[in-house]
Participant: 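There's a structure below that I have some questions on.
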Number of protein chains: 2
Amino acid sequence: MKTLTLPSISEMDLTTVCAALGDPVRMKIVQCLARSGEKNCSGFEVEHISKSTLSHHIKILRESGLIQPRFQGKEHFYSLRKEDLDRRFPGMVDLLLNEPVLTE
Amino acid sequence: MKTLTLPSISEMDLTTVCAALGDPVRMKIVQCLARSGEKNCSGFEVEHISKSTLSHHIKILRESGLIQPRFQGKEHFYSLRKEDLDRRFPGMVDLLLNEPVLTE
DNA sequence: TTTTCAGTTCGAAAAATATCAAACAATAAA
DNA sequence: TTTATTGTTTGATATTTTTCGAACTGAAAA
């Protein structure tokens, strides 16, 4: 059985969250989730990246508090922790939603 | 005569700004400026850091669009580009102001 | 049970970043 | 003019981060 540690609202740190958002791959994943609700790894619109690298980025996003997983069978569905983020960092989700997604 | 290039509002990039804020030293400088208006290097409340390192961090903040300099004699006064940031990333400055400054 | 599928973890290599001391530049003060 | 002050730049090193392939894990399908 999986037991994954997510930071609680009070454990979330703005610098850590900003560092997580400071990578273009991760920013794209977060913006994707902010718009779409829930997706599994293959749903993130990031190209030319190995699955181990993607998994690494997901871990950083999860540990920063930005996203949370839901396990269903062999799939891992991820979603943005909108309510928690809105409580801890009011305005942050809107900021992400207002920003157009970069297409490379 | 100094000619420093600041990014225009439309040149500001959210990922780059987040990367700039994703370092504890730089986050502290920005929060300091968000609260205090204008300060020179010796006014940032960061300890145990050489002046060359501080200068490096200031450059990253300036090039991301977060801060702007004003030259007066031998001093360089820095301030947060609040109006520009509010236009480009509405809510970001408030987000920084709402967040208590970490004291290590 | 064996295979396939979705994803994580491990170990290593490459790239980027943070840090400092020393040298430099520009202004102001002596 | 010489010296002190405020900060930047340069060059080097140490650390961190990104990236990948290979091996692994757990669940579902064959």
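Remember, predicted model here, so these are calculated numbers, not experimental data. Within every chain, numbering begins at 1; the chains are lettered A, B, ... in the order of the sequence lines, protein sequences first and strands thereafter.
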Participant: Which whole-number value in Å describes the distance from A:H76 NE2 to C:dC5 C1'?
Facilitator: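 Going from A:H76 (NE2) to C:dC5 (C1'), I get 11 Å.
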Participant: Which nucleotide wins on minimum distance to the side chain of B:K59, given the candidates D:dT9, C:dA18, D:dT18?
Facilitator: D:dT9
Participant: With a non-hydrogen cut-off below 4.0 angstrom, is A:I49 in contact with a base, only sugar-phosphate, or nothing?
Facilitator: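 Sugar-phosphate contact only - A:I49 comes under 4.0 Å of backbone atoms but never of a base.
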Participant: For B:R62, report the nucleic acid contact type (base, sugar-phosphate, nothing); a contact means any heavy atom under 4.0 Å.
Facilitator: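 Contact class for B:R62: none.
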Participant: Quick one: B:E75 CD to C:dA29 P, roughly how many Å, whole number?
Facilitator: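 Between P of C:dA29 and CD of B:E75: 10 Å.
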Participant: Is B:S52 side chain donor-acceptor paired with the C:dA21 base, going by distance under 3.5 Å alone?
Facilitator: yes
Participant: Is the shortest side-chain N/O distance from A:N40 to OP1 or OP2 of C:dG7 below 4.0 Å?
Facilitator: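 Looking at the OP1 and OP2 atoms of C:dG7, one of them is under 4.0 Å from a side-chain N or O of A:N40.
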Participant: CD1 of A:I67 versus C1' of C:dT8: gap in Å, rounded?
Facilitator: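 Roughly 14 Å, once rounded to whole Å.
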Participant: Could you check how far CD1 of A:I60 sits from P of C:dT9, rounded to whole Å?
Facilitator: 12 Å
Participant: From CD1 of B:I58 over to P of C:dT19, roughly how many Å is that when rounded to an integer?
Facilitator: 13 Å
Participant: Compare side-chain N and O positions of A:T53 against OP1 and OP2 of D:dT19 and report whether any pair is under 4.0 Å apart.
Facilitator: no
Participant: Tell me which nucleotide among D:dT9, C:dT8, D:dT18 gets nearest to the side chain of A:R26.
Facilitator: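 The answer is D:dT18.
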Participant: Could you walk me through whether A:R70 and A:E38 pass the salt bridge (charged side-chain N to carboxylate O under 4.0 Å, His left out) test, one step at a time?
Facilitator: CA-CA 9 Å; A:R70 178 175 68 84; A:E38 225 189 21; 2.7 Å; yes
Participant: If you find the nucleotide of DNA chain D closest to A:G22 and the one closest to A:Q72, which residue's nucleotide is nearer the 5' end?
Facilitator: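 Here A:G22 is the residue nearer the 5' end.
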Participant: Tell me what B:Y78 touches on the nucleic acid: a base, only sugar-phosphate, or nothing, going by heavy atoms under 4.0 Å.
Facilitator: sugar-phosphate
Participant: For C:dG7, does the base pair up with any side-chain atom of A:K51 as donor and acceptor (N or O, under 3.5 Å, distance only)?
Facilitator: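 Under the 3.5 Å cut-off, the side chain and the base do form a donor-acceptor pair.
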Participant: Should we count CZ of A:R87 as having more than 12 external heavy atoms under 6.0 Å?
Facilitator: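 Incorrect, the count does not exceed 12.
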Participant: Scan B:H57 against the nucleic acid and name what it touches under 4.0 Å (heavy atoms): base, sugar-phosphate only, or nothing.
Facilitator: sugar-phosphate
Participant: Whole angstroms only, please: what is the NZ-C1' distance between B:K74 and D:dT6?
Facilitator: 7 Å
Participant: Whole angstrom is fine here: how far is it from CG in A:D23 over to C1' in D:dT16?
Facilitator: 13 Å
Participant: What integer distance in Å separates B:K39:NZ from D:dG7:P?
Facilitator: 13 Å
Participant: Salt bridge or not between B:K39 and B:E45? Use side-chain N to carboxylate O under 4.0 Å.
Facilitator: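 A salt bridge links B:K39 with B:E45.
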Participant: Checking contacts here: which listed nucleotide (D:dC20, C:dG7, D:dT8) is nearest the side-chain heavy atoms of A:C41?
Facilitator: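 In terms of side-chain proximity for A:C41, the closest of D:dC20, C:dG7, D:dT8 is C:dG7.
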Participant: NZ of B:K51 to OG of B:S42: how many Å apart, nearest 0.5 Å?
Facilitator: 12.0 Å
Participant: Once rounded to the nearest 0.5 Å, what's the spacing between atom CD of A:E11 and atom CZ of A:R88?
Facilitator: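 Atom-to-atom, A:E11:CD and A:R88:CZ are 10.5 Å apart.
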